[in-house]
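Here is the structure we will look at.
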Amino acid sequence: MTENKRQFRAIKGTRDILPPDSALWNWFEQTARNTFESYNFREIRLPIFEETELFARSVGADTDIVSKEMFTFNIGHDAESKEEPSQTYSLRPEATASVVRSYIEHRMQTFPGNLKLYYVGPMFRRERPQKGRYRQFYQIGAEVLGQSDAAAIDAEVIEMLMTFFKRADLTRTTLYINSIGDKNCRPQYVEKLREELRKVADRIGPDSQRRIETNPLRVLDSKLPEEQAIIGKLPRISDHLCDECREHFAKLKEELRLRGIAYEENWRLVRGLDYYTRTTFEVIAEGLGSQNAVCGGGRYDGLVELLGGPPTKGIGFAIGTDRAILSLQESGKLPSLPALAVFVAWMGQAAYLTAVNIAQKLREAGLAVELPPEEMKFKRSLALADKLGARYALIIGEDEVNSGTFTLKRLADSDQKKLSKFDLLEYLESERRDTRA
RNA sequence: GUGAGCGUAGCUCAGCUGGUAGAGCAUCGGUCUGUGGCACCGAGGGUCGCGGGUUCAAACCCCGUCGCUCACCCCA
């Protein structure tokens with residue numbers, strides 16, 4: 001094998017986010033941060049790997065995510081690392097488990113009020129990649145943990161989410177909500193659903209048949225056209241919620257209405273993670289493939305206890321950044337992001353010193369400046385400025401050096417003027433303020 | 001894990017019934033020693049994903065393999 005010629009490439013399901021896309025990503029994530037902080041959420045930064053057991057316990061050992069989609073590795077098995085005990089770790093497939101682990105570890109129940117946290121970062125699932133699905137993908141998520149399970153919390157979380165989408169100009173989305181009951185009423189419903197499904201088992205596909213025993217709720221989620229009529233006649237959880245859950249769901253809808261949040265009830269909306277209770281919600285967007293959910297979330301009142309913490313209520317969501325960005329790009333409604341402001345077109349060694357100095361000044365003033373490291377032919381210099389998308393070319397040659405001025409040329413319309421150093425700084429700074437606002 | 005489609009230059013693609021590769025764009029340079037976008041000229045860049053088979057001859061046909069894409073499952 002001649003390994004020296006081998007081309008390395010990003011491994012399956014991972015990808016590079018290159019400029020100018022990276023600017024769009026930063027803007028999107030920054031918009032989320034700004035929105036969330038206006039709701040008094042604060043950022044938590046978490047490890048990207050944890051003990052495998054944490055995910056098994058929280059997400060659910062029988063879920064696809066844990067049973068076959070985690071990147072898991074062992075350390076401490078070889079002699080060299082004998083200081084550390086043998087451990088099995090996994091790259092996080094989602095972040096709620098880590099937030100809850102951190103909540104318990106740092107006794108955050110002693111923090112004042114409801115704890116409102118958000119996170120931004122990569123997640124890892126070993127699935128077959130397709131449109132809008134990657135093995136390393138990115139999520140922006142938020143969680144509220146505390147003693148209260150008031151429907152107003154659910155509503156505020158959803159309002160915040162939809163407000164963010166609006167600010168990011170990710171419109172043409174649909175919010176679906178549902179309640180899947182709690183540990184009192186859901187098991188009864190699931191049993192009833194199972195009974196009904198057994199009666200029609202011969203008329204549904206093998207996947208759905210299998211789920212009758214493993215996870216009857218998932219049958220409701222089936223997309224097979226031939227199963228739709230049958231599914232439509234199955235008992236609905238909304239008719240089988242206990243009084244508390246029914247009231248909570250009614251309250252949520254009332255809260256959403258008074259906040260002006262448009263939603264659609266979707267009795268077939270079930271979520272794949274074991275820890276959800278009561279409120280579940282999902283946002284789908286246009287311009288995506290079959291993976292069209294850009295956000296999923298719900299309430300998880302038993303999770304903190306399940307992981308060994310005090311009785312605590314919780315709710316949260318996770319936005320799929322890759323998909324949201326994809327939808328944004330498909331919509332064509334992209335924001336105009338800061339580009340190169342000034343290209344310094346200098347000629348001759350006499351101008352070089354001036355060029356270096358003014359570049360420093362302009363950068364200090366917050367402008368993006370490109371200073372060619374080597375002398376270029378003037379014509380090529382302007383051509384390059386154009387190709388780099390600069391708004392201005394700052395021309396410094398013999399004339400300018402002799403007269404102590406600068407020639408500023410606006411590339412868009414070729415408008416050109418001679419300015420003193422003071423006027424130049426003044427002019428560009430005010431121009432920057434105007435375009436930023 | 002399952003299925004389908006596709007792999008020719010950095011990108012988008014052409015290449016007829018098999019005769020050992022081309023265009024546009026992009027990049028770099030020239031026409032053009034202080035004025036970009038245009039035009040013209042030129043250059044670099046490809047073991048046609050890889051391996052095997054059939055054939056006098058394979059980018060093209062056959063088999064295998066790898067990769068990518070989309071879909072299923074499931075999920076953001």
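This is a predicted model, so every value here is computed, not measured.
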Item to check | Touch class at under 4.0 angstrom, heavy-atom based, for A/Gly397 against every strand present | outcome: base
Next on the checklist: Within the 4.0 Å heavy-atom criterion, would you say A/Ile395 contacts the bases, only the backbone, or no part of the nucleic acid?
Outcome noted: base
Checklist entry - Base, sugar-phosphate, or nothing: which does A/Tyr392 touch, judged by heavy atoms less than 4.0 Å apart? => result nothing
Checklist entry - Between B/G34, B/A71, B/C75, which nucleotide has the shortest distance from any of its atoms to the side chain of A/Ser290? => result B/A71
Checklist entry - Hey, does the side-chain of A/Arg133 have a donor or acceptor N/O within less than 3.5 Å of a partner on the base of B/C74? => result yes
Next on the checklist: So that I can tick it off, tell me whether A/Arg126 and A/Glu69 are bridged by a salt bridge, with the cut-off set at under 4.0 angstrom between side-chain N and carboxylate O.
Outcome noted: no
Checklist entry - Could one point to a donor on the side chain of A/Arg126 or the base of B/G1 with an acceptor on the other under 3.5 Å away? => result no
Item to check | A/Glu156: partners by side chain to side chain donor-acceptor pair (under 3.5 Å), with sequence neighbours left out | outcome: A/Lys116
Checklist entry - Below 4.0 angstrom, N of the basic side chain to O of the carboxylate: do A/Asp149 and A/Arg299 qualify? => result no
Checklist entry - Within the structure, does a side-chain N or O atom of A/Arg211 lie under 4.0 Å from either OP1 or OP2 of B/C74? => result yes
Next on the checklist: With hydrogens left out and only the distance checked, is there a donor-acceptor pair under 3.5 Å joining A/Gln130's side chain and the base of B/U69?
Outcome noted: no
Next on the checklist: Quick check: A/Tyr118 with A/Phe41 (ring centres under 6.0 Å apart)?
Outcome noted: no
Checklist outcome for this item: Taken in chain and number order and not counting sequence neighbours, the residues that satisfy side chain to side chain donor-acceptor pair (under 3.5 Å) with A/Tyr300 are A/Glu143
Checklist entry - Stem ranges for RNA chain B, with three or more consecutive Watson-Crick or G-U pairs under 3.5 Å? => result B:1-7 with B:66-72, B:10-13 with B:22-25, B:27-31 with B:39-43, B:49-53 with B:61-65
Checklist entry - Using a cut-off of less than 4.0 Å, is there contact between a side-chain N or O of A/Ser381 and OP1 or OP2 of B/G34? => result no
Checklist entry - Is the base of B/U35 touched by the side chain of A/Lys409 through a donor-acceptor pair closer than 3.5 angstrom? => result yes
Checklist entry - OP1 or OP2 of B/G30 sitting under 4.0 Å from any side-chain N/O of A/Lys377? => result yes
Checklist entry - Are A/Gln139 and B/C75 close enough that a side-chain N or O sits under 4.0 Å from OP1 or OP2? => result no
Checklist entry - Which nucleotide in the set B/U35, B/C68, B/C73 lies at the smallest distance from any side-chain heavy atom of A/Lys68? => result B/C73
Item to check | Pair of N/O donor and acceptor under 3.5 Å linking B/C75 base with A/Arg323 side chain | outcome: yes
Checklist entry - Checking all strands, does A/Glu400 fall into the base, sugar-phosphate, or nothing category for heavy-atom contacts under 4.0 angstrom? => result base
